[in-house]
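Have a look at the structure below, then the notes.
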Amino acid sequence: MKTRTRSFSLGGLLLALGAVIATVPLLAAQAPAPAEVQKAVDAAYAQFKNLKEGKNADYIPALAKVDPNLFGIALVTADGKVYTAGDIKTEVSIQSISKVFTMAQVIQEQGLDSVSKRIGVDATGARFNSIIAIEGVRTVVGTGAPEMNPLVNPGAISATSMVSGATSEAVWKKIIDFHNDAAGRQLTVLQDVYKSESDTNQRNQAIGALMLAYGYIKSNWQQAVDLYTRQCSIGVNAKDLGTMAATLAFAGKNPVTGKQVIDPAKVHGVLAVMATAGLYDDSGKWLYLTGLPAKSGVGGGIIAVSPGKFGIAVVSPPLDDAGNSVRAQRAIAAISNSLGGNPYDYRPK
Ligand code: GLN
C-alpha cells in the first residue's frame, strides 16, 4: 500500500516536472532571455554611439540647443523589467510621440470609429506639417473617408480638439494624466520648449485654422493648437518612452506599474496608425525594415512596439530629412531584428 502511494506520487512529480520542462521552451519562444536582451541593447549602443549623421531640428529654436550627443536606449518587457544603455535620465521634449497618446485617449473615450471617421487613418505621403496634404483631402471631408491621420500635425491638432472637457485646463489635465499613466510617473512640460514653439508655431496655427475651415475641427481651434503645442513640450527620458511603448506592447497595461491605461480591445487601432504613419513619409521604409509600429518626434525620440514581446525607445536628437532620429532608427532596428521582434517575420521551426 505504502509503495503504491509512493510510486503514484513519484509519477505525479515526474508529470509535473515534464510539464515545467515542456513550458520553458514555449516561454522562451515568447520572450527572449534577459541576458540576450541586454546583449542586444549593449551591442546597438556600442555600434551606434559614434554615429554622427543627422541634425537637430532647428525650426523650433529650443530644439537646436539640445546636446546632439545624447543617446539612450530603454527596452521594457512583459515583467516590467527595463533594459537600458546610455543616458536614460536626460529629458527631451516628447514632440510628435505625444500624438500617439492623444489619439489613444480619443479612441479610448469615443471609440475606434471616432478617429477613422473624423480624421482618417491613411498615410498622406507628405511631410508631417504639410499644408498641401490638407488641401489634397479637403474635398472628402464629410464623406466618412478623409485621407488624413492623427499622427501628422493637421490630424493631431484635430485629435487634440476632440478630447472632451469644459475648459482648456480640464482637457489638459486629461492629456497629461494619460501620458503620466503610460509613462508610470508624473511628467512635466519643458517650459523653454513650450515658449519657444508657441512663439514660432504660426504654421501650426495656419494648419489649425484650415482644419476648422474644412470641418475636421468643430470649435476652439486656437485652444487645440495651444494644447497640442503643450503636449509636444512634455519632457521625457528614454526610460519614460520605453515604458510608454511597452504599455502599447502589452495590451494597454503599463507593465512597470500594472495599471491598465488603454482598453485592450482598442490598442490594435492605435498600433495600425503607427504602422501606417508613425515615421511620416518614411513609414513604409521603416515597416519594411522592422515590421514594428513606431512613432518619432522631432525632439529625437522614437518609440517602437513589438506586440506581446517588448516596447522600446531610443533618444538621440539628430534627425534625417523626414524628421526621424537617425541613431534611434538604426538602434531599434538592430535590437528588434536580433531579438526576433518583427511580427511579420514568422519562421516555422
Ligand atoms: N511640435 C512639433 C510640430 O508641431 C512636432 C513635430 C514632430 O515631432 N514631428 O511641428
Side-chain angles (χ1 to χ4, degrees), residues 60 91 93-119 148-199 201 204-236 240-241 243-244 247-248 252-254 257 259-267 269-270 273 295 297 299:
I60 299 170
E91 291 182 3
S93 51
I94 188 169
Q95 295 298 341
S96 282
I97 300 170
S98 67
K99 292 167 175 167
V100 170
F101 296 91
T102 299
M103 162 175 72
Q105 182 156 30
V106 173
I107 288 177
Q108 174 85 344
E109 261 186 18
Q110 298 165 39
L112 285 156
D113 281 359
S114 62
V115 157
S116 58
K117 291 210 169 118
R118 170 85 74 83
I119 302 170
M148 178 58 69
N149 67 74
L151 299 184
V152 288
N153 293 14
I157 294 168
S158 304
T160 302
S161 81
M162 289 171 75
V163 177
S164 63
T167 60
S168 174
E169 275 319 300
V171 177
W172 172 250
K173 183 162 172 14
K174 281 168 69 182
I175 292 175
I176 188 77
D177 282 351
F178 201 82
H179 284 74
N180 290 341
D181 286 346
R185 78 171 176 107
Q186 192 83 46
L187 303 169
T188 53
V189 167
L190 301 176
Q191 292 299 335
D192 59 327
V193 178
Y194 177 48
K195 180 166 187 332
S196 177
E197 186 163 350
S198 298
D199 289 345
N201 70 350
N204 282 339
Q205 292 180 43
I207 288 173
L210 271 180
M211 294 304 268
L212 176 85
Y214 297 159
Y216 291 90
I217 294 181
K218 297 296 176 202
S219 63
N220 271 339
W221 68 271
Q222 280 123 326
Q223 174 179 305
V225 173
D226 176 53
L227 290 176
Y228 163 80
T229 308
R230 215 151 136 188
Q231 77 180 45
C232 285
S233 310
I234 294 172
V236 283
D240 297 325
L241 289 175
T243 309
M244 294 171 97
T247 299
L248 295 166
K253 185 175 178 172
N254 181 326
T257 63
K259 180 161 184 167
Q260 189 71 47
V261 183
I262 312 165
D263 175 356
K266 290 176 178 159
V267 174
V270 177
V273 188
K295 183 74 202 86

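Remark: Ser164 engages Glu109, Lys174 in a side-chain hydrogen bond (donor to acceptor under 3.5 Å, both in side chains) (not counting sequence neighbours). By the side chain to side chain contact (heavy atoms under 4.5 Å, CB included) test, Ser219 is found to be paired with no residue, residues two or more places apart in sequence or in another chain being considered. Gln231 is linked by a side-chain hydrogen bond (donor to acceptor under 3.5 Å, both in side chains) to Ser98, Thr102, Thr160, counting only residues two or more places apart in sequence or in another chain. Residues passing the side chain to side chain contact (heavy atoms under 4.5 Å, CB included) test with Leu112 are Ile107, Lys266, His268, sequence neighbours excluded. With sequence neighbours excluded, the residues that form a salt bridge (charged side-chain N to carboxylate O under 4.0 Å, His left out) with Lys173 are Asp177.
Looking at heavy atoms from C-beta onward, Asp181 lies out of side-chain contact with Thr257 at the 4.5 angstrom threshold. For the pair Ile175/Tyr228, no side-chain contact is recorded, criterion being any heavy-atom separation below 4.5 Å from C-beta on. At least one side-chain heavy atom of Ser168 sits under 4.5 Å from a side-chain heavy atom of Leu227. Side-chain contact between Met162 and Ile119: present, with at least one pair of heavy atoms (C-beta onward) separated by less than 4.5 Å. Side chains of Thr243 and Arg185 form no contact here, defined as non-hydrogen atoms less than 4.5 Å apart. Using a 4.5 Å cut-off on side-chain heavy atoms (C-beta onward), Lys218 and Ser161 make no contact. Using a 4.5 Å cut-off on side-chain heavy atoms (C-beta onward), Gln110 and Lys117 make no contact.
Heavy-atom minimum distance, Pro150 versus Val115: CG-CG1, 3.4 Å. Closest approach of Asn149 and Val152 over heavy atoms only: OD1-N, 3.3 Å. In this structure, Asn153 and Ser96 approach most closely via the heavy-atom pair OD1-OG, 4.5 Å. When all heavy atoms of Val225 and Thr229 are compared, the pair lying nearest together is O-OG1, 2.7 Å. Between Met211 and Gly155, the shortest heavy-atom distance links the atoms CE-N, 4.2 Å. Residues Ala156 and Lys99 come closest through the heavy atom pair CB-CG, 3.4 Å.
Rounding to the nearest 0.5 Å places OG of Ser158 at 13.0 Å from CE of Met103. Atom CD1 in Ile234 sits 5.5 Å away from atom CD1 in Ile94 (nearest 0.5 Å). Of the inter-residue distances, the one linking Asn254 atom CG with Met244 atom CE reads 9.5 Å to the nearest 0.5 angstrom. Atom CD1 in Ile207 sits 5.5 Å away from atom CD1 in Ile157 (nearest 0.5 Å).
Between the side chain of Gln260 and the backbone N or O of Ile262, at least one donor-acceptor pair lies under 3.5 Å. Put simply, the side chain of Thr167 gets close to the backbone of Ala170: a donor and an acceptor are under 3.5 Å apart.
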request  = May I have the step-by-step check of side chain to side chain contact (heavy atoms under 4.5 Å, CB included) for Arg118 and Val106, ending in yes or no?
outcome  = CA-CA 11 Å; Arg118 170 85 74 83; Val106 173; over 6 Å; no
inquiry  = Before you tell me yes or no, could you show the steps for Gln95 and Ile60 under side chain to side chain contact (heavy atoms under 4.5 Å, CB included), namely the whole-Å CA-CA distance, both residues' side-chain angles and the distance that decides it to 0.1 Å?
reply    = CA-CA 11 Å; Gln95 295 298 341; Ile60 299 170; 4.1 Å; yes
inquiry  = Determine whether Phe101 and Leu248 satisfy the following criterion, side chain to side chain contact (heavy atoms under 4.5 Å, CB included), listing intermediate values before the conclusion.
reply    = CA-CA 10 Å; Phe101 296 91; Leu248 295 166; 3.9 Å; yes
Show every donor-acceptor pair shorter than 3.5 Å between a side-chain atom in residues 187-195 and any protein atom, with sequence neighbours excluded, or say none if there are none.
unit_1 : atom_1 : unit_2 : atom_2 : d
Tyr194 : OH     : Asp226 : OD1    : 2.5
Tyr194 : OH     : Asp226 : OD2    : 3.4
Lys195 : NZ     : Asp199 : OD2    : 2.7

